[in-house]
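Everything quoted here is computed from the prediction, not taken from an experiment.
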Amino acid sequence: MGEAKRTQYSVHDSADGKYSQKQMSLSQASALSFGGTANLGHAAPALRQALLTWYGEQGRDLPWRRSRDPYAIWISEIMLQQTQVKTVMPYYQRWLKLFPTVADLAKADQQTVLKAWEGLGYYARARNLHKTAQLIVKQHDGVFPEVFEDAIALPGIGRTTAGGILSAAYNQPVAILDGNVKRVLARLVALPKPPAKAMKELWQLSEQLLDPQHPRDFNQAIMDLGATLCTRHRPSCLLCPWQSYCTAYRQNLQSELPMTESRAPLPHKQIGVAVIHDNDGRILIDRRKQEGLLGGLWEFPGGKIEPNESFEECVKREIKEELDIDIEVNDRLITVDHAYSHFKVTLNVFNCTHISGEPKPIECDEIKWVTLDEIDSYPFPKANGQIIDAIKEQAKG
DNA sequence: CATTCGTGGGT
DNA sequence: TACCCAAGAAT
């Protein structure tokens, strides 16, 4: 190789700035020839063997792995969607004590289910768990379905989750493609594009590699590999059972892969929020509609500020529109900044006094006046926790 | 195929 | 600090 091999250029098309800017040499870039089905068929047996041996020695001891109960495994798979193991652990343990069986979950009311989920985020997962539990009781004799087509037809269960459950609970040879597997495979073949742009190829790879003799352990093992060694930052390649098979490692690209797509900055919204007090020491809360953001959870009413509007005007207007009552807007209680997955908010929270009118659920499902003792039994979004703390603090002092 | 869905942790 | 990302699914 001559001088050309050190030629620096962006692998990505910087013209549209879509991919993050990372530099690599021409020889490295030319090695990124993966397109379509990778030729890993011949190496699959050796890859399986190396991975399973490593898993036997270094695999994580996780509570749901000690169980073969499809219900418990299902719960864990849903909780683990876009959520780290460490975060899930306490929720998982509490959940199984609250709802030990599918039947227990099915007969619970949604508020109890959402309260158990409170703080985990992506609340459609909890609503779908509840719905699906009732479906399993009614349509599947109370047992999580063993047929892939039946499983993936259930609310909240996609291809990866179905594969995760069927392989873990029933040892079925069904492939998975979660964040860990995507990253591991992207490095293994030095995938020359963001995983999101190569889903078909990655699924093929996952299916091709899956050990038909040990699907349960293989799927768990490849996830462990991604979670503990083949991490996003500073991967431990020297300890990796796939080191000698890994194209990224061979090309010293492990820190550059997988490729990422840069995202537009999140929009920021200013929200006016009302903590409405009545004359009996109660506060008004409302339950959000089932669909959309934070569906089914409780909140303090309010809404987005309009151009050339003060926070006080915003709060008074929103409360009139949403509840059809008149209030007096008093002092600012607290200001809460919070980031959701696709936008940021500042909650400008004001103490308010109920003046007149019976509140109507115009843009929500339900309204309640609650005391500070009762409020803890309602599921609230994370950002509202600070507001509740501030109200309690205010009541003390 | 792109967007909408939470929250906590890491850099 | 600000941004990225984590055992994804639904629309």
Side-chain angles (χ1 to χ4, degrees), chain A residues 18 20 59-60 62-65 73-92 114 117-129 131-132 151-168 174-184 186 194-200 202-203 206 219-228 230-234 255 258-268 288-297 299 336-345 379-386:
Chain A
K18 277 190 87 174
S20 64
R60 290 176 294 179
L62 301 172
W64 41 88
R65 284 186 186 159
I73 291 169
W74 165 45
I75 298 302
S76 75
E77 288 290 336
I78 301 300
M79 287 187 171
L80 287 163
Q81 288 170 3
Q82 297 289 283
T83 311
Q84 299 190 126
V85 167
K86 183 182 176 183
T87 303
V88 164
M89 210 72 85
Y91 283 91
Y92 175 79
L114 286 174
W117 197 269
E118 184 182 46
L120 253 190
Y122 287 146
Y123 296 92
R125 294 185 292 173
R127 300 195 302 273
N128 284 333
L129 270 180
K131 243 184 280 178
T132 296
I152 204 171
L154 295 168
I157 298 185
R159 189 172 173 183
T160 284
T161 300
I165 297 170
L166 295 186
S167 63
V174 187
I176 59 174
L177 188 57
D178 69 336
N180 287 314
V181 180
K182 285 179 197 167
R183 186 172 55 258
V184 169
K197 304 282 189 188
M199 293 302 285
K200 186 176 178 181
L202 290 171
W203 272 110
S206 183
N219 278 345
Q220 297 300 315
I222 192 171
M223 283 192 285
D224 270 18
L225 189 63
T228 65
C230 197
T231 50
R232 187 66 186 88
H233 302 283
R234 296 167 49 88
S255 297
M259 291 183 174
T260 58
E261 296 177 270
S262 56
R263 290 182 290 193
L266 302 180
H268 194 296
R288 296 174 62 91
K289 295 179 189 173
Q290 288 289 309
E291 305 77 27
L293 186 73
L294 307 169
L297 297 189
E299 67 174 2
V336 179
D337 285 306
H338 190 75
Y340 294 101
S341 47
H342 56 298
F343 66 94
K344 301 175 185 177
V345 292
F380 280 88
K382 191 66 172 82
N384 284 248
Q386 296 177 58

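No engagement by Ile78(A) is indicated, since no non-hydrogen atom pair under 4.0 Å with the nucleic acid exists. Using a 4.0 Å heavy-atom distance criterion, Gly226(A) is classed as making no nucleic acid contact. Across all strands, Gly292(A) comes closer than 4.0 Å only to sugar-phosphate atoms, never to a base (heavy-atom distances). Among the protein residues, Trp64(A) comes within range of the nucleic acid bases, having at least one heavy atom under 4.0 Å from a base atom. Nucleic acid contact for Ile73(A): none, since no nucleic acid atom lies under 4.0 Å from a heavy atom of the residue. Within 4.0 Å of Ala339(A), counting heavy atoms only, lies at least one base atom of the nucleic acid. Gly156(A) comes within 4.0 angstrom of the backbone, heavy atoms only, and of no base.
Between dA7(C), dT7(B), dG8(C), one nucleotide has an atom nearer to the side chain of Arg65(A) than all others, and that is dA7(C). Comparing atom distances between the Gln220(A) side chain and each of dA6(C), dC5(B), dA7(C) picks out dA7(C) as nearest. Distance from the side chain of Thr160(A) is smallest for dG8(C) among the nucleotides dT7(B), dG8(C), dA7(C). The side chain of Tyr123(A) approaches dT7(B) more closely than any other nucleotide in the set dG9(B), dT7(B), dA7(C). Across dG6(B), dG9(B), dA7(C), the shortest atom-to-atom separation from the side chain of Asp224(A) is found for dA7(C). Checked against dG6(B), dG8(B), dA7(C), the side chain of Arg125(A) finds its nearest nucleotide in dG6(B).
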Practice task
Just do the side-chain contact (heavy atoms from CB on, under 4.5 Å) check on Thr160(A) and Trp203(A) with the steps written out, would you?
Solution key: CA-CA 10 Å; Thr160(A) 284; Trp203(A) 272 110; 3.6 Å; yes

Problem - Verdict with reasoning, Leu62(A) to Met89(A), per side-chain contact (heavy atoms from CB on, under 4.5 Å) - result: CA-CA 9 Å; Leu62(A) 301 172; Met89(A) 210 72 85; 4.2 Å; yes

Practice task
Mind running side-chain hydrogen bond (donor to acceptor under 3.5 Å, both in side chains) on Arg65(A) and Gln220(A) for me, showing each step along the way?
Solution key: CA-CA 9 Å; Arg65(A) 284 186 186 159; Gln220(A) 297 300 315; 2.8 Å; yes

Problem - Candidate pair Arg232(A) and Thr260(A), rule side-chain contact (heavy atoms from CB on, under 4.5 Å), full reasoning - result: CA-CA 11 Å; Arg232(A) 187 66 186 88; Thr260(A) 58; 3.2 Å; yes

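Among all heavy-atom pairs drawn from Leu266(A) and Phe343(A), the shortest one is CB-CA, 4.0 Å. Here the closest non-hydrogen pair linking Leu297(A) and Phe380(A) is CD1-C, 4.1 Å. Among all heavy-atom pairs drawn from Pro258(A) and Arg183(A), the shortest one is CD-CG, 3.5 Å.
Under 4.0 angstrom from either OP1 or OP2 of dG8(B) there lies no side-chain N or O belonging to Lys86(A). Distances shorter than 4.0 Å separate none of the side-chain N or O atoms of Thr83(A) from OP1 or OP2 on dT7(B). Under 4.0 angstrom from either OP1 or OP2 of dC3(C) there lies at least one side-chain N or O belonging to Lys344(A). At dA6(C), one or more side-chain N or O atoms of Arg183(A) fall inside 4.0 Å of OP1 or OP2 (strictly under the cut-off). For dT4(B), neither phosphate oxygen OP1 nor OP2 lies less than 4.0 angstrom from any side-chain nitrogen or oxygen of Tyr122(A). Distances shorter than 4.0 Å separate some side-chain N or O of His338(A) from OP1 or OP2 on dT7(B). OP1 or OP2 of dG8(C) lies within a sub-4.0 Å distance of a side-chain N or O belonging to Gln82(A).
When the C1' atom of dG6(B) is taken as reference, atom CG of Leu266(A) falls 12 Å away, rounded to whole Å. dA2(C) atom C1' lies 12 Å from atom NE2 of His268(A), rounded to whole Å. Atom-to-atom, OH of Tyr340(A) to P of dT4(B) comes out at 15 Å; the value is rounded to the nearest Å. Asn384(A) has its CG atom 13 Å from the P atom of dG6(B), to the nearest Å. In this entry the distance linking CZ of Arg263(A) with C1' of dA2(C) reads 12 Å, nearest Å. Atom C1' of nucleotide dG8(C) and atom CG of Leu120(A) are separated by 14 Å, given to the nearest angstrom. Remark: P of dC5(C) and NE2 of His342(A) are 18 Å apart, rounded to the nearest angstrom. The distance between atom CZ of Arg159(A) and atom P of dA10(C), rounded to the nearest whole Å, is 14 Å.
Taking only distance into account, the side chain of Arg60(A) meets the base of dA7(C) through a donor-acceptor pair shorter than 3.5 Å. No donor-acceptor contact under 3.5 Å links the side chain of Thr87(A) to the base of dG9(B).
Between the P atoms of dC1(B) and dA7(C), the separation comes to 24 Å (whole Å). Between dC5(C) and dT3(B), the distance separating the two P atoms is 16 Å to the nearest Å.
Judged by closest nucleotide on DNA chain C, Ser76(A) is the one of Ser76(A) and Pro155(A) placed further toward the 5' end. Residue-to-nucleotide proximity on DNA chain B shows that, of Pro381(A) and Arg234(A), the 5′-proximal contact is made by Pro381(A). In terms of position on DNA chain C, the residue among Ser341(A) and Pro265(A) whose nearest nucleotide sits closer to the 5' end is Pro265(A).
Within the 6.0 Å centre-distance limit, the rings of Tyr340(A) and His338(A) are counted as a close aromatic pair.
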